[in-house]
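Here is the structure we will look at, set down as structure tokens.
Computed from a prediction, not measured in an experiment: that's the story for all the values here. In what follows, chains carry the letters A, B, and so on, assigned in the order in which the sequence lines appear, proteins first and then strands, with residues in each chain numbered from 1.
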2 protein chains.
Amino acid sequence: MSSAEAISGIKKQEDTNNALEQVQQLVETYPRVPITVDCVIFGFDNNELKVLLIRSDLEMFDGKWTLLGDFAHDDEELDDAAYRVLRERTGMRDVYLEQVKTFSKPHRHPGGRVITVAYCSLLNTEHHALNILDNELHWHTVKTACNMAFDHKEILDVCYKWLQKRMLEHPLGLNLLPEKFSLRELQNLYEAILDIKLDRRNFRKKFFSMDFLIDTGEYEDDVHHRPGRLYRFDFDKYSQNKKKWTGIEF
Amino acid sequence: MSSAEAISGIKKQEDTNNALEQVQQLVETYPRVPITVDCVIFGFDNNELKVLLIRSDLEMFDGKWTLLGDFAHDDEELDDAAYRVLRERTGMRDVYLEQVKTFSKPHRHPGGRVITVAYCSLLNTEHHALNILDNELHWHTVKTACNMAFDHKEILDVCYKWLQKRMLEHPLGLNLLPEKFSLRELQNLYEAILDIKLDRRNFRKKFFSMDFLIDTGEYEDDVHHRPGRLYRFDFDKYSQNKKKWTGIEF
DNA sequence: ATTCTGTTGTGTTACTTTTACACTTCTATT
DNA sequence: AATAGAAGTGTAAAAGTAACACAACAGAAT
């Protein structure tokens with residue numbers, strides 16, 4: 001390396017350092033806000049859609065219910081924070097989790113400005129025993145959820161609508177059922193979440209024609225009538241063949 | 001009021017104050033993060049989808065393009081911040097604006113941790129002259145957008161996908177056209193944004209059957225061939241009759 | 001074992017929606 | 001007057017959706 005090149009190298013390094021300092025100083029001037037994540041964890045049990053709630057810790061919200069939330073740690077991506085909350089509260093990993101919306105009304109938190117990012121998760125209540133029952137953690141029927149702290153009712157409503165819509169486009173609901181399920185269970189799930197009645201034959205036809213159900217050859221055995229066949233969902237086949245959206249309809 | 005009631009009232013007030021202090025102290029302990037909004041402002045011109053970009057101010061991103069962004073003010077709801085950015089940059093109010101997604105990778109901003117919330121806006125390039133041309137504000141073709149600062153390319157990509165999907169469910173695209181438009185312009189818009197070819201007859205049939213187009217009786221006059229009829233979109237009728245989603249398809 | 005009850009499992013028809021496709025009308029240009 | 005280029009229109013085949021009834025089966029009660 002020539003000395004001219006070396007000098008030029010040093011110059012460049014200095015420029016980079018200066019540029020970095022400039023950006024860092026700029027960011028210093030930004031107002032800072034506490035960020036939390038709130039997890040709306042849906043489950044399905046007894047033919048009803050449920051959501052995990054706990055009692056608020058805060059005196060101010062005495063007796064009210066809240067979603068599972070926590071502030072985001074330094075240098076923690078919000079997706080990771082949501083997974084962490086889920087893990088800390090339910091002991092579960094590898095469940096479906098998706099960012100839904102950010103809520104930022106200036107006075108949504110009485111303790112000062114706090115912005116929260118809502119995440120949705122869906123899990124099978126049977127497979128996910130609630131190990132940590134602090135704060136009366138429990139599955140609450142979504143339809144009757146009320147008396148909630150902060151703007152958590154609004155967040156729940158938005159997430160519920162989100163779920164209803166996504167259910168029609170993606171087989172999210174299957175995360176709410178056991179690995180093996182009967183078509184009746186599947187239909188109950190759709191009827192409960194979408195809050196509509198569906199024709200049984202057309203429902204079956206629809207799902208069979210999509211060709212993502214694998215017949216396990218097994219039958220229900222915990223039921224007091226003719227047992228239905230049990231199916232698994234073929235997630236691999238689904239991810240290869242999922243429908244591309246082309247039609248304009250509004 | 002009895003003195004017992006008065007005392008009880010004072011007691012309650014004290015409790016409330018204590019409770020409030022408790023919450024405020026709690027929020028004090030949360031880590032704080034700078035929040036910005038970034039606006040992805042789409043326009044349509046010359047049969048191409050465009051997006052508003054400016055040159056980065058930062059030495060570090062010399063020559064790179066960025067979305068229109070700004071940090072959120074204290075006690076400013078993020079929706080309002082996005083509208084403010086839009087107003088400050090384009091002088092426009094009353095345009096469509098929607099929150100899309102929050103981006104929070106810890107090192108997405110070189111100056112330290114910054115979380116950003118992306119908003120999408122669609123506007124008609126003809127009706128929205130760019131008054132403020134600082135930082136080389138200009139309409140950039142979406143397809144060729146690259147060399148962007150921060151994670152703005154990723155944000156743009158996410159918003160573009162979001163737009164493509166929403167276009168099929170809601171008449172968002174009409175915010176990109178003049179108030180009166182021909183069916184050819186409308187089809188060009190859909191073809192450009194969705195990046196597909198559509199059958200002209202079926203496209204017309206589809207839109208006429210939806211019955212949201214109002215025939216103005218006028219014709220194009222800036223065109224070197226047989227002029228097409230001009231239509232307006234009936235937003236009122238649309239908002240009353242918009243399709244409810246029921247079918248399961250994935 | 002017989003009967004009763006409730007659920008599973010299946011097929012057809014009418015209707016609606018989507019797709020594919022070609023020719024005439026109209027305006028501006030030459 | 002001829003030409004070029006886009007507007008405007010209809011139909012038939014195919015696919016998908018919606019409505020609807022009855023036999024097979026398992027468990028429970030008798």
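Side chains of A:Ile155 and A:Arg108 form a contact here, defined as non-hydrogen atoms less than 4.5 Å apart. In this structure the side chain of A:Ile115 never reaches within 4.5 angstrom of the side chain of B:Val117, judged on heavy atoms.
The footprint of chain B on DNA chain D, defined by a heavy-atom cutoff below 4.0 Å, extends from D:dG5 to D:dT11.
Using the six-membered ring where Trp is involved, A:Phe212 and A:Tyr238 have ring planes that are perpendicular, over 60° apart on the 30 and 60° scheme.
Heavy atoms of other residues, nucleotides or ligands lying less than 6.0 angstrom from NZ of A:Lys105 number 12 at most.
A:Asp157 and A:Lys161 are not joined by a salt bridge, as no carboxylate oxygen comes within less than 4.0 angstrom of a charged side-chain nitrogen. Salt bridge present: B:Glu218 and B:Lys180 bring a charged side-chain N and a carboxylate O closer than 4.0 Å. Ion pair A:Lys143/A:Asp195 flagged as a salt bridge, since at least one NZ, NE, NH1 or NH2 atom sits closer than 4.0 Å to an Asp/Glu carboxylate oxygen.
Taking atom CG of B:Asp222 as the reference point, atom P of C:dA28 lies 12 Å away to the nearest angstrom. B:Lys197 has its NZ atom 16 Å from the P atom of C:dC21, to the nearest Å.
Between A:Val223 and B:Thr246, the residue anchored closer to the 5' end of DNA chain D is B:Thr246, taking for each the nucleotide with the nearest heavy atom.
Geometric assessment of B:Lys165 against the ring of B:Trp162 yields a negative cation-pi assignment under the 6.0 Å and 45° thresholds.
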Under 3.5 Å, which protein N or O atoms sit close to an N or O of nucleotides 8-11 of chain C? Give each pair with its distance.
unit_1: C:dT8; atom_1: O2; unit_2: A:Arg226; atom_2: NH1; d: 2.7
unit_1: C:dG9; atom_1: OP1; unit_2: A:Arg229; atom_2: N; d: 2.9
unit_1: C:dG9; atom_1: OP2; unit_2: A:Arg204; atom_2: NH1; d: 3.4
unit_1: C:dG9; atom_1: OP2; unit_2: A:Arg204; atom_2: NH2; d: 2.7
unit_1: C:dG9; atom_1: O5'; unit_2: A:Arg204; atom_2: NH2; d: 3.1
unit_1: C:dG9; atom_1: N7; unit_2: A:Arg200; atom_2: NH1; d: 2.7
unit_1: C:dG9; atom_1: N7; unit_2: A:Arg200; atom_2: NH2; d: 3.4
unit_1: C:dG9; atom_1: O6; unit_2: A:Arg200; atom_2: NH2; d: 2.9

